Amino acid sequence: ARSRSSNPSTYYVHVRIRNGAGATSVSASSGVVIDTTPPVCTEVHQVDESWSLTEPALFQGTDKTLAAFWECTDSISGIVNFKWSVVRNSTNKIVVQGVLPSTEKSVLARNVTLRQKGVYVFILASENAANLKSTWTGAGITVDTETPDLRNATFGVLPSSDVTAVNSPTVTTRTHKTTKSDLSGTVSMTTTLPPSTCLSGSLPTAKTFCRRFKSAMA
């Protein structure tokens with residue numbers, strides 16, 4: 001006989017045996033969970049390991065590592081393992097792959113060989129105890145190991161109308177602005193330093209700034 005428990009997805013099997021003398025014995029199974037839903041992943045992100053292991057990224061500054069993190073759950077039978085791989089987008093060729101236990105939520109693959117400007121896509125397959133699988137794909141990450149091109153950078157002193165006081169109204173602030181455009185996008189950087197920083201050398205970056213642009217800081 002089979003009876004259904006108060007949990008609509010758990011079933012128990014009860015067996016009653018009787019011999020020729022009329023004696024009986026009863027046994028019951030420990031319960032079978034019926035799970036028809038695969039694991040669900042709410043997050044699957046690729047990251048730049050050289051920058052952060054927790055911040056999603058579309059570009060990375062290294063060609064030797066690949067990293068990703070995820071958030072997956074299965075509230076019924078539970079996740080058994082994760083099978084992951086990284087493929088190069090243009091060829092669909094697997095670059096690296098592996099299997100991780102259900103307790104893991106991230107992976108860092110070292111000593112891989114990646115190409116400049118190559119796009120690499122992380123694929124995660126999660127499997128639960130009912131042998132149901134779900135596959136999730138990252139947005140892809142582009143390798144950009146080239147340094148920014150500063151040949152078109154502009155440096156100068158802001159007009160007097162735009163000068164800002166720092167620490168006291170008598171301190172004049174000089175600013176240099178750098179712009180660059182490369183594979184991973186256009187970035188604008190503005191550094192604001194008072195002239196006193198040049199004299200004290202209180203900031204490591206200020207020494208280079210003042211050495212190269214002392215005339216603008218004068």
Side-chain angles (χ1 to χ4, degrees), residues 4-13 29-148 180-189:
R4 194 171 181 178
S5 73
S6 58
N7 186 335
S9 58
T10 304
Y11 292 81
Y12 296 87
V13 176
S29 71
S30 58
V32 176
V33 177
I34 305 300
D35 185 359
T36 60
T37 58
V40 174
C41 296
T42 56
E43 292 183 83
V44 176
H45 296 295
Q46 294 176 244
V47 299
D48 179 2
E49 179 266 339
S50 64
W51 173 257
S52 170
L53 288 175
T54 59
E55 182 179 334
L58 295 176
F59 296 88
Q60 68 175 47
T62 174
D63 57 3
K64 300 298 182 184
T65 62
L66 286 165
F69 70 90
W70 56 86
E71 186 64 42
C72 302
T73 59
D74 190 303
S75 60
I76 301 178
S77 61
I79 296 175
V80 174
N81 60 45
F82 295 106
K83 295 180 181 178
W84 62 274
S85 62
V86 178
V87 301
R88 189 178 179 195
N89 194 40
S90 60
T91 62
N92 285 327
K93 182 180 179 180
I94 295 177
V95 177
V96 61
Q97 60 185 338
V99 180
L100 292 171
S102 60
T103 54
E104 296 296 328
K105 293 187 176 182
S106 64
V107 65
L108 171 58
R110 300 183 184 275
N111 301 318
V112 294
T113 301
L114 310 177
R115 293 189 178 185
Q116 167 69 5
K117 298 183 181 180
V119 180
Y120 297 87
V121 179
F122 178 78
I123 302 173
L124 181 72
S126 54
E127 181 178 357
N128 64 16
N131 296 322
L132 298 174
K133 303 177 180 68
S134 60
T135 302
W136 306 81
T137 303
I141 197 163
T142 303
V143 176
D144 182 10
T145 58
E146 295 180 351
T147 57
K180 64 97 176 178
S181 179
D182 65 3
L183 177 64
S184 55
T186 301
V187 176
S188 177
M189 178 184 68

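Only a predicted model underlies this, so the values are computations on that prediction, with no experimental measurement involved.
- For residues 127-138, the salt bridge (Lys or Arg N to Asp or Glu O under 4.0 Å) pairs, not counting sequence neighbours, are Glu127-Lys133.
- Atom-to-atom distance recorded for Ile94:CD1 and Ile123:CD1 is 7.5 Å, nearest 0.5 angstrom.
- When side chains are defined from C-beta on, Ile76 does not count as touching Asn128, because their heavy atoms never get closer than 4.5 Å.
- For the pair Val32 and Val13, the minimum side-chain heavy-atom distance is 4.5 Å or more.
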Verdict with reasoning, Glu71 to Thr42, per side-chain hydrogen bond (donor to acceptor under 3.5 Å, both in side chains): CA-CA 6 Å; Glu71 186 64 42; Thr42 56; 5.9 Å; no
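- Looking at Asp74, its side chain never comes within 3.5 Å of a backbone N or O of Ala129 through a donor-acceptor pair.
- To the nearest 0.5 angstrom, Thr142 atom OG1 is 11.0 Å from Leu114 atom CG.
- Once rounded to the nearest 0.5 Å, the distance linking CG of Asp144 with OG1 of Thr147 reads 9.5 Å.
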Considering only distance and modelled atom types, tabulate donor-acceptor pairs under 3.5 Å from the side chains of residues 46-69, sequence neighbours left out.
from  : atom 1 : to     : atom 2 : distance (Å)
Gln46 : OE1    : Phe122 : N      : 3.1
Gln46 : OE1    : Gly140 : N      : 2.9
Gln46 : NE2    : Tyr120 : O      : 2.9
Asp48 : OD1    : Ser50  : N      : 3.1
Asp48 : OD1    : Ser50  : OG     : 2.6
Asp48 : OD2    : Ser50  : OG     : 3.3
Asp48 : OD2    : Gly61  : N      : 3.1
Glu49 : OE1    : Thr65  : OG1    : 3.2
Trp51 : NE1    : Glu55  : OE1    : 3.2
Ser52 : OG     : Thr54  : N      : 3.1
Ser52 : OG     : Thr54  : OG1    : 3.3
Ser52 : OG     : Glu55  : N      : 3.2
Gln60 : NE2    : Thr62  : O      : 2.7
Gln60 : NE2    : Thr65  : O      : 2.9
Thr62 : OG1    : Lys64  : N      : 3.1

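- The nearest pair of heavy atoms linking Leu124 to Val44 is CD2-CG2, 4.2 Å.
- Judged by distance alone, with hydrogens and angles left aside, the side-chain atoms of Ser134 form no donor-acceptor pair with the main-chain N or O of Val40 at under 3.5 Å.
- Residues Phe82 and Ser102 approach most closely at CE1-O, 3.6 Å, considering heavy atoms.
- For the residue pair Thr145 and Gln116, the shortest heavy atom distance occurs at N-OE1, 2.9 Å.
- Once rounded to the nearest 0.5 Å, the distance linking CG of Asn131 with CG of Asp35 reads 10.0 Å.
- Shortest non-hydrogen contact noted between Ala109 and Trp84 is CB-CH2, 4.0 Å.
- Put simply, NZ on Lys83 and OG on Ser126 are 11.5 Å apart, with the number rounded to the nearest 0.5 Å.
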